[in-house]
Each structure stands twice: as structure tokens, then as C-alpha cells.
Amino acid sequence: MREHQRRIRLLIGYDGTDFCGWQVQPVDRSVQGEIEKALAAVHGHPVRLHGSGRTDTGVHATGQTAHFDTDIASIPADKFVPALNSRLPGDVRIYRSEEVSPDFHARYSARRRAYRYVVRSYASMTPMDQRFCLSLPQLPGLTRLNGYASYLVGVHDFTTFTTAKDASESRVREIYQASWNMDGAALEFTICGNAFLWRMVRSLVGTMLDAAREGFPPEYMHDILSAADRGMAGTTAPAMGLRLERVEYE
């Protein structure tokens with residue numbers, strides 16, 4: 001960070017349907033790319049945006065966090081919200097902007113990340129749900145699903161629930177909370193952990209839904225998690241049901 005610059009933290013929401021994901025791509029449309037274009041328009045030069053993590057193609061966010069360094073002294077930190085939103089497309093919005101310490105980093109300072117996955121039955125789907133929910137003929141029971149989820153809490157090797165392309169040095173992650181609940185007609189899975197592997201949450205959701213459909217006992221999740229074998233996992237749930245809900249810092 002250069003002298004006379006300020007570090008600004010953003011709270012961001014987006015509909016991920018029409019994006020290739022968070023990270024800038026050479027050709028395809030990305031969330032980071034759209035915000036960096038807006039930042040460049042405000043600053044008159046390129047500005048790098050650093051996110052708390054990447055979301056995949058089609059994944060949404062209501063609580064993504066990112067930061068950038070600004071050399072503009074005349075704009076109060078909170079005024080970056082209207083300055084950027086006036087230049088952003090309708091499927092990306094900045095909710096909050098604030099000045100933070102120069103040593104803050106959206107990714108490396110994060111302590112917890114929370115995701116939510118939403119499932120609805122065919123009968124309860126509305127036109128507005130199509131972009132944000134997985135739909136099933138009928139919803140499985142909460143007791144069985146929460147039996148599976150209970151085995152996820154704690155420190156585990158999640159190799160079973162990532163892809164061979166995940167480049168992480170370690171696939172051990174700590175999960176603080178994982179549970180299913182009903183919110184009206186919507187079945188929702190919420191999970192909070194220190195970090196997540198590539199497509200890990202979607203793999204967990206798809207595997208639990210598959211297991212519930214087949215009537216497997218709760219111990220099934222313990223067995224395949226302990227196996228650390230990608231071949232033991234079930235279906236990877238579609239992206240549209242997943243959202244990054246919040247990122248927590250000290």
C-alpha cells in the first residue's frame with residue numbers, strides 16, 4: 001500500500017446467474033471485473049479489487065467482502081457506495097463501504113465464512129425462485145438431513161467433497177456449524193467454517209440429498225467423509241441454490 005492511500009472495505013451482493021464467477025476472466029463477465037471497471041471509472045486509472053474468496057459460475061452472494069486501495073482523498077469512505085453503484089449493472093450492488101486499517105486483507109484477515117443453500121419443492125416454486133433455488137419433486141425429512149450434517153462439524157479432511165482440480169495444499173478444514181432447517185416452504189442448509197474447498201458446499205449438499213433419497217443412515221456421512229475419497233461423494237448440487245451469506249473478521 002502506497003503512502004497517502006486509504007484502504008476501503010466493501011460489502012457486496014450479487015446475482016451470480018449471468019457471471020462466470022467472482023474472479024476476473026480474459027473474456028467472460030465476472031463480478032470482480034464489473035466492480036474493477038466501476039473503480040477505474042471513479043479513479044481514472046485501474047484499481048485492483050481483492051475479494052474474500054472466489055465464488056463459482058452461477059453462485060450468488062449477499063455478504064461478499066472485498067477491499068481496494070484508493071488515492072482519492074476527496075471522497076469520504078461511505079460515499080464509494082453511491083459512486084460505484086451508479087456505475088454498476090443491476091445484478092451487482094455495494095451495500096457498505098468503510099475505511100479500514102492498511103493491514104486489513106479481505107481474504108487473509110477473514111476468520112469465518114458462511115454459506116446457505118436453498119431447496120424448494122416443485123409445488124412451491126415461483127417464477128422468482130428459478131434463479132436462486134434447487135427444485136425437487138419433494139423435500140427430504142429434516143431429521144435425516146441433520147443426522148448427516150452433524151458429522152461435518154469439527155476439523156476434517158474434506159477430500160471426498162472437493163474436485164481433483166482443487167489446488168489447496170491442505171484439504172483439512174474446520175466447520176463450526178452445519179444444519180438444515182425449514183424457512184416457510186424453503187429447505188435451507190447453512191454452513192459456517194474457517195474456509196472451503198472448491199465446490200465443497202455444493203458437493204456436501206448434493207451428497208446429503210442423494211443419501212436422504214436412498215434412505216442411508218446418518219453414519220453414511222461419517223464413513224464417506226473419513227474415506228477421503230472423491231469417488232465416494234454423490235451429486236454436486238447446481239450452483240443456483242448457493243449463496244455466500246457472510247464473511248466474519250476479528
Side-chain angles (χ1 to χ4, degrees), residues 11-17 52-53 55-56 58-65 95 110-156 158 160-162 173-197 199-225 233-249:
L11 180 64
I12 307 163
Y14 47 87
D15 173 352
T17 306
S52 67
T55 50
D56 292 337
V59 175
H60 318 291
T62 55
Q64 174 68 285
T65 298
Y95 299 139
R111 294 294 174 262
R112 298 183 178 212
R113 297 163 173 86
Y115 284 85
R116 184 179 300 267
Y117 197 98
V118 182
V119 186
R120 298 181 74 100
S121 67
Y122 290 167
S124 71
M125 289 288 286
T126 72
M128 284 70 72
D129 294 322
Q130 298 296 324
R131 294 163 71 97
F132 306 105
C133 304
L134 169 64
S135 59
L136 296 177
Q138 62 183 95
L139 301 181
L142 278 178
T143 300
R144 187 177 295 274
L145 288 173
N146 276 317
Y148 302 141
S150 66
Y151 286 102
L152 305 179
V153 177
V155 179
H156 305 288
F158 282 93
T160 300
F161 300 102
T162 188
R173 298 292 185 269
E174 183 172 6
I175 301 302
Y176 307 114
Q177 182 263 334
S179 63
W180 292 84
N181 70 284
M182 293 298 299
D183 183 3
L187 175 64
E188 298 185 343
F189 175 63
T190 56
I191 186 167
C192 178
N194 63 343
F196 292 88
L197 300 165
R199 298 185 179 176
M200 173 178 156
V201 178
R202 290 167 55 197
S203 181
L204 289 168
V205 169
T207 300
M208 286 186 279
L209 292 175
D210 287 351
R213 185 176 60 251
E214 297 296 328
F216 293 149
E219 295 78 14
Y220 170 77
M221 182 59 67
H222 172 266
D223 293 343
I224 64 173
L225 177 62
T235 306
T236 298
M240 75 278 198
L242 183 62
R243 71 188 71 162
L244 173 59
E245 196 159 66
R246 69 181 185 277
V247 182
E248 299 178 7
Y249 300 88

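Worth knowing before you read on, the calculation uses all heavy atoms, side chains too, and leaves out hydrogens, waters and symmetry mates.
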Partners meeting side-chain hydrogen bond (donor to acceptor under 3.5 Å, both in side chains) with S150 (sequence neighbours left out): none
Non-neighbouring partners of R213 that pass side-chain contact (heavy atoms from CB on, under 4.5 Å), sequence neighbours left out: D210
Exam field: side chain T207 to backbone S203, donor-acceptor pair closer than 3.5 Å: yes
Set of residues satisfying ring pair (Phe, Tyr, Trp, His ring centres under 6.0 Å) with respect to Y117, sequence neighbours excluded: none
Can you give me every donor-acceptor pair (side chain of residues 176-186, partner residue at least two apart or in another chain, under 3.5 Å) with its distance?
unit_1 : atom_1 : unit_2 : atom_2 : d
Q177   : NE2    : S179   : OG     : 2.7
Q177   : NE2    : T190   : OG1    : 3.2

Test item: L142 and L187 side chains (from C-beta on) under 4.5 Å apart, heavy atoms: yes
Those residues that, when tested against F158, pass ring pair (Phe, Tyr, Trp, His ring centres under 6.0 Å) (two or more places apart): H156
Contacts of T162 that satisfy side-chain hydrogen bond (donor to acceptor under 3.5 Å, both in side chains) - sequence neighbours left out: D166
R199 side, atom CZ; F161 side, atom CZ - distance, nearest 0.5 Å: 16.0 Å
D129: side-chain hydrogen bond (donor to acceptor under 3.5 Å, both in side chains) partners, not counting sequence neighbours: R120, T126
Contacts of type side-chain contact (heavy atoms from CB on, under 4.5 Å), residue Q130, not counting sequence neighbours: M125
Listed once per pair and sorted, the salt bridge (Lys or Arg N to Asp or Glu O under 4.0 Å) pairs that draw on residues 184-197, sequence neighbours left out: R116-E188
V59 and V201, any side-chain heavy atoms less than 4.5 Å apart: no
Residue list, salt bridge (Lys or Arg N to Asp or Glu O under 4.0 Å) with E219, at least two apart or on another chain: none
Under the side-chain hydrogen bond (donor to acceptor under 3.5 Å, both in side chains) test, residues paired with T65 that sit two or more places apart: none
Side chain to side chain, P140 and M208, heavy atoms closer than 4.5 Å: no
Partners meeting side-chain contact (heavy atoms from CB on, under 4.5 Å) with R111 (sequence neighbours left out): E250
Side chains of T235 and L209 in contact at under 4.5 Å (non-hydrogen atoms): no
